[in-house]
Amino acid sequence: MHNTLLFAPVAISTAPGEKMEISSLSEIRDFLDGWAPSRRRLSYGAAAKACEAARSGQCSPKAAREAFVAFAQGAGILWKGETQWMSVKPVAHGYGGFAV
C-alpha cells in the first residue's frame, strides 16, 4: 500500500522554472527524505507523519496529500500554475543566432 496514488498530483517547484509532480505516497516520502534537515519545520513533521500513517492504513492518502500541500505552501515550493516564459532577443553581433 506504500505506493497508493493520490487523488491529484501535487506540483512543486524544484528550481526556478522547473516543476515536479508528486503523485504517490512513496514519492512524498522520497521527497521529504531529501529535504534538508536545516529547513525542516513543523509542517515537514506533520507531512512526514501523515505520509507514514497513510502508508500503514491509519489515515487516507487524501489526508497525507493535504499535509504535503500545507508543507509545500509553507516552504514556498508549491507550483503556482503559471507558465514560465523565456524571452528571446536578437544578438547584435555573432553568427545570426539568438541570445536567451
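Since this is a predicted model, take the numbers as computed values, not measurements.
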| Residues Lys80, Leu78; criterion side chain to side chain contact (heavy atoms under 4.5 Å, CB included); working and verdict | CA-CA 6 Å; Lys80 303 212 182 340; Leu78 190 65; 5.7 Å; no

| message | According to side chain to side chain contact (heavy atoms under 4.5 Å, CB included), who are the partners of Ala15, at least two apart in sequence or on a separate chain? | response |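 Ala15: side chain to side chain contact (heavy atoms under 4.5 Å, CB included) contacts with Glu18.
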
| message | My understanding is that only residues two or more places apart in sequence, or in another chain, count here; which of them pass side chain to side chain contact (heavy atoms under 4.5 Å, CB included) with Ala46? | response |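 For Ala46, no residue satisfies side chain to side chain contact (heavy atoms under 4.5 Å, CB included) once neighbours in sequence are set aside.
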
| Main-chain N/O of Gly45 paired to Arg40 side chain as donor or acceptor, under 3.5 Å |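 Looks like no, no N/O pair under 3.5 Å.
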
I need the [X] [atom1] to [Y] [atom2] distance, nearest 0.5 Å.
{"X": "Leu25", "Y": "Arg65", "atom1": "CG", "atom2": "CZ", "value": "12.0 Å"}
{"X": "Arg55", "Y": "Ser24", "atom1": "CZ", "atom2": "OG", "value": "9.0 Å"}
{"X": "Phe71", "Y": "Arg41", "atom1": "CZ", "atom2": "CZ", "value": "10.5 Å"}
{"X": "Ile22", "Y": "Ile28", "atom1": "CD1", "atom2": "CD1", "value": "7.5 Å"}

| said: Quick check: closest heavy atoms across Ala64 and Ala50, and the distance to 0.1 Å? | reply: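 Looking at all heavy atoms of both residues, the closest pair is CB-O, 3.7 Å.
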
| request: Give the minimum heavy-atom separation between Ser43 and Ala70, together with the two atoms involved. | output: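 Answer, listing the atom of Ser43 first, then Ala70: CB-O, 4.4 Å.
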
| said: Does any part of the side chain of Val10, heavy atoms only, come nearer than 4.5 Å to the side chain of Glu21, both counted from C-beta? | reply: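 Glu21 vs Val10: side chains apart.
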
Donor-acceptor pairs are to be reported for all side-chain atoms of residues 29-36 against protein atoms at under 3.5 Å, with residues two or more places apart or in another chain.
| from | atom 1 | to | atom 2 | distance (Å) |
| --- | --- | --- | --- | --- |
| Arg29 | NE | Asp33 | OD1 | 3.1 |
| Arg29 | NH2 | Asp33 | OD1 | 2.8 |
| Trp35 | NE1 | Arg39 | O | 3.3 |

| query | Under the side chain to side chain donor-acceptor pair (under 3.5 Å) criterion, do Ser23 and Glu27 qualify, and how do the steps go? | reply | CA-CA 7 Å; Ser23 61; Glu27 289 176 351; 3.2 Å; yes

